[in-house]
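Structure, as structure tokens:
Values below: every heavy atom of this structure, side chains too, minus hydrogens, waters and symmetry copies. Residue numbering restarts at 1 for every chain, and letters A, B, ... go by the order of the sequence lines.
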2 protein chains.
Amino acid sequence: MAVTIKDVGKLANVSPSTVSRVLANHPKISDETKRKVREAMEELGYHPNLQARSLVVKSTKTIGIVMPHSTERVLENPFFPEVLRGISLEARKSQFGIYLTTGASEEEILQEVIEMVQGKRVDGIILLYSKTNDKIMDYLLQNKFPFTVIGRPYQNAERITFVDNDNVFITKQITEYLIQLGHQKIAFIGANMEMVFTIDRLKGFKQALKENGIAYQKELIIYDKELVDRTKEKLTEILNLESRPTALVVSDDFIAIELISYAEELSISIPEDLSIVAFNNISTGKYMKPSLTSVDINIFQLGVEATKCLLDDITYPNAVTKRITVPAKMVERNSCCRVAE
Amino acid sequence: MAVTIKDVGKLANVSPSTVSRVLANHPKISDETKRKVREAMEELGYHPNLQARSLVVKSTKTIGIVMPHSTERVLENPFFPEVLRGISLEARKSQFGIYLTTGASEEEILQEVIEMVQGKRVDGIILLYSKTNDKIMDYLLQNKFPFTVIGRPYQNAERITFVDNDNVFITKQITEYLIQLGHQKIAFIGANMEMVFTIDRLKGFKQALKENGIAYQKELIIYDKELVDRTKEKLTEILNLESRPTALVVSDDFIAIELISYAEELSISIPEDLSIVAFNNISTGKYMKPSLTSVDINIFQLGVEATKCLLDDITYPNAVTKRITVPAKMVERNSCCRVAE
DNA sequence: CTGAAAGCGCTTACAG
DNA sequence: CTGAAAGCGCTTACAG
């Protein structure tokens, strides 16, 4: 059916081995035969069967990407396309393809990962997120399979190559920015507390409070879990607190946008009554009213670096693990202002 | 190194052929040997090498997805994650994996597609977009490789299975909605004119005008090409036309959001001075001020249906081509109002 | 019900 | 510089 190395060999009057060698541009093959063989390939429209090659060379030239559960709202935000753009760019440079998980639950994803790994579908894996007690990370580590994570591994970080923002630092910085604007009552609206970036950001948030002598108030910390399915009530609840916060650190621009709309229903003006700084710097943030002050976490670069690391890891197994920090920076716009006296 | 069918056979005291058969749960193998073999697999942690299997059964159980050029802004909007969610869901049901193109130009993507097809990496392909003169579609058609497109193929539609919204109809409908609100000067802000959905929407737009006796004005049609890199000038230009439109049909919520912000800089109020209906119904649309009236094109369902069709096509090659229409509907919010007399 | 053999399409020592 | 042979890990007629 499909044209194989044998057909090409026959047409060019050489053995299959020789065809294979010109495919690899082996230096010891004469230019003459190379020409002949290439002509034959051209004529027959030959293209190597990658499966067959993979089977013998034991390398697939593809990387697997583990996405968050496809049911998560996470996927709604532009993180995914953007990180993929970074990964693609870098993978393509090395002629690597991309294979995706599709699972809707951690268990399903784990099964897919096992199949990718054991089924020899990929040479390495990029984990797009880092959460606590992640079975997938455990599995990969245990099987010594090359992988890189975007985000800080909660355990075994010293044995894992990862790229991340310095979430503690940047969150401390933005919190201090709010403090310098005179805010004392600042709430933290986190994402899922199983996500390590949430843990790190909360840490930075607390550090800023502490170093500035502001007491930490438990009721001013809200997590995603409390938000899902009753976002509106929960957010409204905060806004109605008798000692309502004057500023918010919000894990995601989308939540910030939602929250702003609720605030305005309650006649709370942004930023006069409530300052907000969020994360991710979505492209429409600058067109909002008020425009959103947000942390640009450089998603594209996270993807690029993670891929570079993974490809390194595949090429030189057993090299030392690396830790890459991608700079995040606050983009100041108009959703924050000095607290009213 | 890795454990193979041979190792399992040895441990279970059967031939590799038998192991292979219990893998396939062949009915003629006795329960007793099945048990024995499965035990051995368990003990050794055996997992089949999918590459090897693919090589002989000539099926990869994976589908390839061709994305728009990764450089396009298209990727910024939630179309991509959402369609992928639909594809994943459906693919997973049939145990199919997903392989992605990464190319940054049509030429690169074509090369990748050729490699996917000839390299036997995938059993079928989903094209995530439809544009005029698409080399990739031509290639696939010519090679009789199973594929499905999301969007209407510009050529050869009768020979291609595709899923699409009825873009002509829905755009006609929303245009009539604006006309019924009393608007006569309506502008159309399209995406790239090479995209077939833009062509179709423009057609629906014109139909609505014609049937309502409104003259078609060329200067009220703007394409993406004119927008890229100088979006602001171009949009502002429209807003400054001496006979400024009172309503807009905009190809994408993101553009609408951007446009709204420029309008307000010019003290044009939405919707009082300018009504807007856009496409895609992004999740934050309802939190905008004003909230966005937008067409929900049901991206998720487009992904699901495209995958179903493709899997059918893979299972029953040479079946008749299908055309699936996924309903789109306008979600009415507050960005449109009756034209001022 | 099970095994031996051939074969999927390639690569790569080994030999000359 | 090139070919014959073995092998990657599986599946599947063919035979018994």
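Residue pairs meeting the salt bridge (charged side-chain N to carboxylate O under 4.0 Å, His left out) criterion with at least one partner in residues 147-159 of chain B, sequence neighbours excluded, are B:Arg152-B:Asp200. Residue pairs meeting the salt bridge (charged side-chain N to carboxylate O under 4.0 Å, His left out) criterion with at least one partner in residues 108-127 of chain B, sequence neighbours excluded, are A:Arg92-B:Glu108. The list of salt bridge (charged side-chain N to carboxylate O under 4.0 Å, His left out) pairs with a residue in residues 298-321 of chain B, not counting sequence neighbours, reads B:Asp312-B:Lys322. The list of salt bridge (charged side-chain N to carboxylate O under 4.0 Å, His left out) pairs with a residue in residues 127-136 of chain B, not counting sequence neighbours, reads B:Glu106-B:Lys131, B:Glu107-B:Lys135.
Within residues 115-124 of chain A, no residue has any heavy atom under 4.0 Å from DNA chain C. Contacts between residues 30-53 of chain A and DNA chain D, defined by a heavy-atom separation below 4.0 Å, involve A:Ser30, A:Thr33, listed by number.
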Distance-only donor-acceptor pairs under 3.5 Å for side chains of residues 36-48 of chain B, two or more places apart:
unit_1: B:Arg38; atom_1: NH2; unit_2: B:Asn25; atom_2: OD1; d: 3.2

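Annotation: side chain to side chain contact (heavy atoms under 4.5 Å, CB included) contacts of B:Ala157 (sequence neighbours excluded): B:Pro153, B:Phe162. The side chain to side chain contact (heavy atoms under 4.5 Å, CB included) test applied to A:Ser94 returns A:Phe96, A:Leu311, not counting sequence neighbours. The side chain to side chain contact (heavy atoms under 4.5 Å, CB included) test applied to B:Val56 returns no partner, not counting sequence neighbours.
Within 4.0 Å (heavy atoms only), A:Val19 reaches no atom of the nucleic acid at all.
As a whole-Å value, the separation of B:Lys28 NZ from D:dT12 P is 14 Å. A:Lys58 places its NZ atom 13 Å from the P atom of D:dG7, with the value rounded to the nearest Å. Distance A:Ile5 CD1 to D:dT2 P: 15 Å, rounded to the nearest Å. Straight-line distance from the NZ atom of B:Lys6 to the P atom of C:dG3: 15 Å, rounded to whole Å.
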Pairs under 3.5 Å (N/O, protein and nucleotides 13-15 of chain C):
unit_1: C:dA13; atom_1: N6; unit_2: A:Arg21; atom_2: NH2; d: 2.5

Study note, to complete from the structure: A correct dot-bracket answer for DNA chain C, with pairs being Watson-Crick or G-U at under 3.5 Å, [ ] for crossing pairs and | for inter-strand pairs, is |||.||||||||.|||

